[in-house]
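Okay, so here's the structure we're looking at.
These figures come from a predicted structure and were not determined experimentally.
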Amino acid sequence: MGKPDEALSVCLEAKELLYSNNIFHFDDLTLSTLQIVFQRLERLDLATSCYEYACTKYPNNLELMMGLFNCYVREYSYVKQQQTALRMYKTVGEERFLLWAVCSIQLQAYFSSGGEKLLAFAEALLKKHISSHSLHEPEALSLYVSILEQQAKYDAALEVLSGDLGSLMGREEDKLRLQGRLLTQACNYVAASEIYQKVLESCPDDWESFLHYLGCLLERDVKLPKPTTGEHTCSSCSVDSNKTSLSEEVESRLASALLFVQKLQKNDSSDSVRGPHLANIEIERQHCLSGNSTKFMEALVNYFHRFGHLSCSSSDVEIYLHMLSGDEITELLDTISRSFDASSVSVKALGLTITTFKVQELLGTLLSKSTTDLQRIAKGMVETFYKNLPLSRDLDPQESMHGEELLSMASNILVQLFWRTRNLGYLLEAVLVLEFGLTVRKHVWQYKITLVHLYSYLGALPLAHRWYVSLEVKNILLESVSHHILPQMLSSPCLQQTASLVKDYLRFMDDHLKESADLTCLAYRHRTYSKVIEFVQFKNRLQRSMQYLAVKSDSVILSLKQKSESLEEVESVLENVNHGGGLVDLSSEDNMKHLTFNENLEARPWWTPTTSVNFLSEPIDESSTPARFRAKVCKHKSTEKDGPKMRDAERKCLVPRLVYLSMHGCVSSLRETEPNGSVSDITVGEMKTLLEKYARTIGYSMDDALSMILGISSGKKSMKDFAPDIVSWMSFAVFINAMNLWSNESVIPRTDPSSPSSWEIVDSLVKICIEEHLTDANRILTCPGNKIPLLVQMVTEPISWHLIIIQSCMRVVAPQGKKKKKSGPSLRPNMPQLQGIQRSVQCLIETLRSVQKWLSDQMSPEEQGLDILMSYLQGTGDEGPGQTFRVLEEKPAAHASELGDRIAQSLEAWSSTGVVRRIVGAEHEVLAEFKKMVDSKLKLLMSESASLSSVLH
């Protein structure tokens, strides 16, 4: 009912009653109800104290002890979990309670310093129980083996598995895999390889077991890319291609392995088992690395002959394709092309056609094609998709269509053409191709993600947001997928939509972290002890998420942006977050070191491999080879966590506190009768410490950063020196000015009376930065990747912080309404400071008026904008954009009988003009929202200017 205070009051009353001696029996239902309410009120300590008291009153009550154990699970108090579980085990002697205690010890080993020493105690407990009662659950056996494995007692663990307890394993293959792993860790490679061979005989498609098998034969790890776990690796860069020499014995083992794999191939002729065929390629790769094989290429060709029609065939062998020379690539593509009739309409021929294109895309050979060839290939892909549409006529709308990948690849080529020629028509065609695909089938998430990035780059953020929302991202995907839209929205004027995205993300994260312990309790109850460890590890990983930290600070900054024109609301926002102090604590060096990076970058388009990189905003390097380009992409992905993202997250955490301290210090600076510096030395010291830390996140010491802003404001340094952190530099200058107002010593040294004041430095900096970007900013409609996001950030962040400081000063010198005080000698304002504020207000008015005028000039009528964009698509020759557009304009609805009713009806709704019109409308919406923000700030500044005039005159 939304009455948490009343709920707490009732529960506290019940708690007091439980503690009194008037209760003859503790009702577990009442206690569990109290626990639920206290948990939702984030008072776990109260719930635990209730159960602790009940257990002292009834020490042998199992239900109460189980309730207390669950309380400790929710508090992640592993030692008390262990103690309570052992007490229950001693009381009733049940195996599950002993396993709860052992699991609690294992958690201490994982997450507490010195916990490893307790593993021997856990082993002793289990041994004693086994000697008298044995074990009766598969999970109990797994827990026992993992305890031994953590202590490197591999032989003991193998002995347990080969004994009577080994029969607890439900599936023989699982038991064999565990034995293989233990033998490998014990360096008994011969026995391990025999075990893995048995696994492969029953599960020939178990690729991971094959890699372990091969590793045992080679007596080393087989270096292949592992699945993404937050630390990003690229298959093209991480594959081991260094030459190695193999002994005769190892060569003999590989020969035997090859015969074994070939036997597995003969035993299964279906298209579903690819493992043995991939194993053949991997064995030949090992031979190739030792210089003893000429059959590596043959193995690849055979694989494509067998599985080339499957959509996964190219990604299966991607790591091997990168080992081929240019001539071998050409030979491979020719071989695949000759193996089918491209003109036929069949699922198999279409699959092989797609594989041919995919191999070229994966290897980057398209980068070296001429513009004319790329146009022809893109057009051919769309035509092939058209031609094969009848193959999908009977599919359910939820099913993937045959040939979906063709439109994604065609769009990628058109984006590449734009990058190469800077002709906007190609980018519009890339959008139209994907929009057409979604008209035919609206559930293709790959199209939607690419459109999110294309529309973001075009400046049509409302459309990007709409497609992102249509993905219906929920639960843990909010953590791994939000990076596709959140950074762009945070630098846009669409504050309401951005706030909604931030709110959804934080709600999931906060709720999961509150309730994740319930999953752990459930795992204990259902005796799935491996899940206990997994759930706790997962919760710890999420709690240390870099994105979680960044979005928490983004949420506060976003609220400050929205409320920046009302000082009372700004104060309320800051009060709700402990005046920003909590965020500063989260940005400590120790916390930043242990942050986890959980974003999945693999689904991002090729031109923006990370959130901080967009190749389309850079000139193309015509001399770059495919290998160099792949290495560049891999480098960006691998350094994303430790690069600007980490510094940005740290810097954002400081902003709310800096805003609060800046407001807090304004009072003393505006009273001539109060000594400058009447604000406590602690506050001044904190502000200085935070600004020094802020400067380090931009890559400068405090003194160098001050020198930089002085140089830019005086025109001695170039604006290019600020890139790419121009907004951060402007905010730094604003906070320096605030600190300078109430510091005992001037933060910015003034060599003579004519030196600019800190107010004048901020004014100059704001004016220079805004005007330079207005000069550089071209027409938003025809210049994708424009300066709008940067201009929005300048207005909504540094200018907003400056405006908040001005309002704080004005509240002191010209209080309104009931807060107005009687004038007197003690309230005489500091006139030099007021004159500085007046000049600053006037400067902001002039600057924002220039932004306002620029925005008005950009907002042309919709029809005019439509005509401009459509003109880029009207090419009639064989050169330039328009060829793919013309293919899309040819209505296939005439062949409705071939396409089926569903596809034919979908295509009737297709209109390329409608798509372009929506782009124009979305860009206009962004401009209108930005102009509304500028207008609002101007209105406030005009009011403050009038108030200043009345005070000064």
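A salt bridge does not link E797 to K652: none of the charged nitrogens lies less than 4.0 Å from a carboxylate oxygen. A salt bridge between K931 and D935 is present, with a side-chain N of the basic residue lying under 4.0 Å from a carboxylate O of the acidic one. D648 has no carboxylate O lying under 4.0 Å from a charged side-chain N of K645, or vice versa, which leaves the two without a salt bridge. A salt bridge links R811 to E571: one of the charged nitrogens lies within less than 4.0 Å of a carboxylate oxygen. Ion pair D510/K514 not flagged as a salt bridge, since none of the NZ, NE, NH1 or NH2 atoms sits closer than 4.0 Å to an Asp/Glu carboxylate oxygen.
Under the side-chain contact (heavy atoms from CB on, under 4.5 Å) rule, K561 has a single partner from T796, T498, V795, which is T796.
For the side-chain hydrogen bond (donor to acceptor under 3.5 Å, both in side chains) test, no residue two or more places apart in sequence or in another chain qualifies with S559. Partners of R43 according to the side-chain hydrogen bond (donor to acceptor under 3.5 Å, both in side chains) rule, which considers only residues two or more places apart in sequence or in another chain, are D45. Qualifying side-chain hydrogen bond (donor to acceptor under 3.5 Å, both in side chains) partners for S949, counting only residues two or more places apart in sequence or in other chains: none.
Taking the six-membered ring for Trp and thresholds of 30 and 60 degrees, Y694 and F735 have ring planes more than 60 degrees apart, a perpendicular arrangement. Note on ring orientation: taking the six-membered ring where Trp is involved, the planes of W729 and F732 are perpendicular (angle over 60°, cut-offs 30° and 60°).
Applying the salt bridge (Lys or Arg N to Asp or Glu O under 4.0 Å) rule to pairs touching residues 580-596 yields nothing, sequence neighbours excluded. Here salt bridge (Lys or Arg N to Asp or Glu O under 4.0 Å) pairs that include residues 832-845, with residues two or more places apart or in two chains, are E760-R839.
Checking T697 against R647 by side-chain atom types alone, no donor-acceptor pair falls below 3.5 Å. S840 and D763 form a side-chain donor-acceptor contact under 3.5 Å, judged by distance and modelled atom types alone. Of the N and O atoms on the side chains of K693 and S587, at least one donor lies less than 3.5 Å from an acceptor on the other residue. Using a 3.5 Å distance cut-off with no hydrogens or angles, the side chains of R696 and S701 do not pair a donor with an acceptor. Side-chain atoms of E75 and T48 include a donor-acceptor pair closer than 3.5 Å.
With ring centers used as reference points, W854 lies 6.0 Å or more from H773.
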Do any side-chain atoms of residues 500-508 form donor-acceptor pairs under 3.5 angstrom with protein atoms, and if so which ones, sequence neighbours left out?
from: D504; atom 1: OD1; to: R507; atom 2: NH1; distance (Å): 3.2
from: Y505; atom 1: OH; to: E479; atom 2: OE1; distance (Å): 2.5
from: Y505; atom 1: OH; to: Y548; atom 2: N; distance (Å): 3.1

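Under the 6.0 Å distance and 45° angle rule, K15 does not count as a cation-pi partner of F38.
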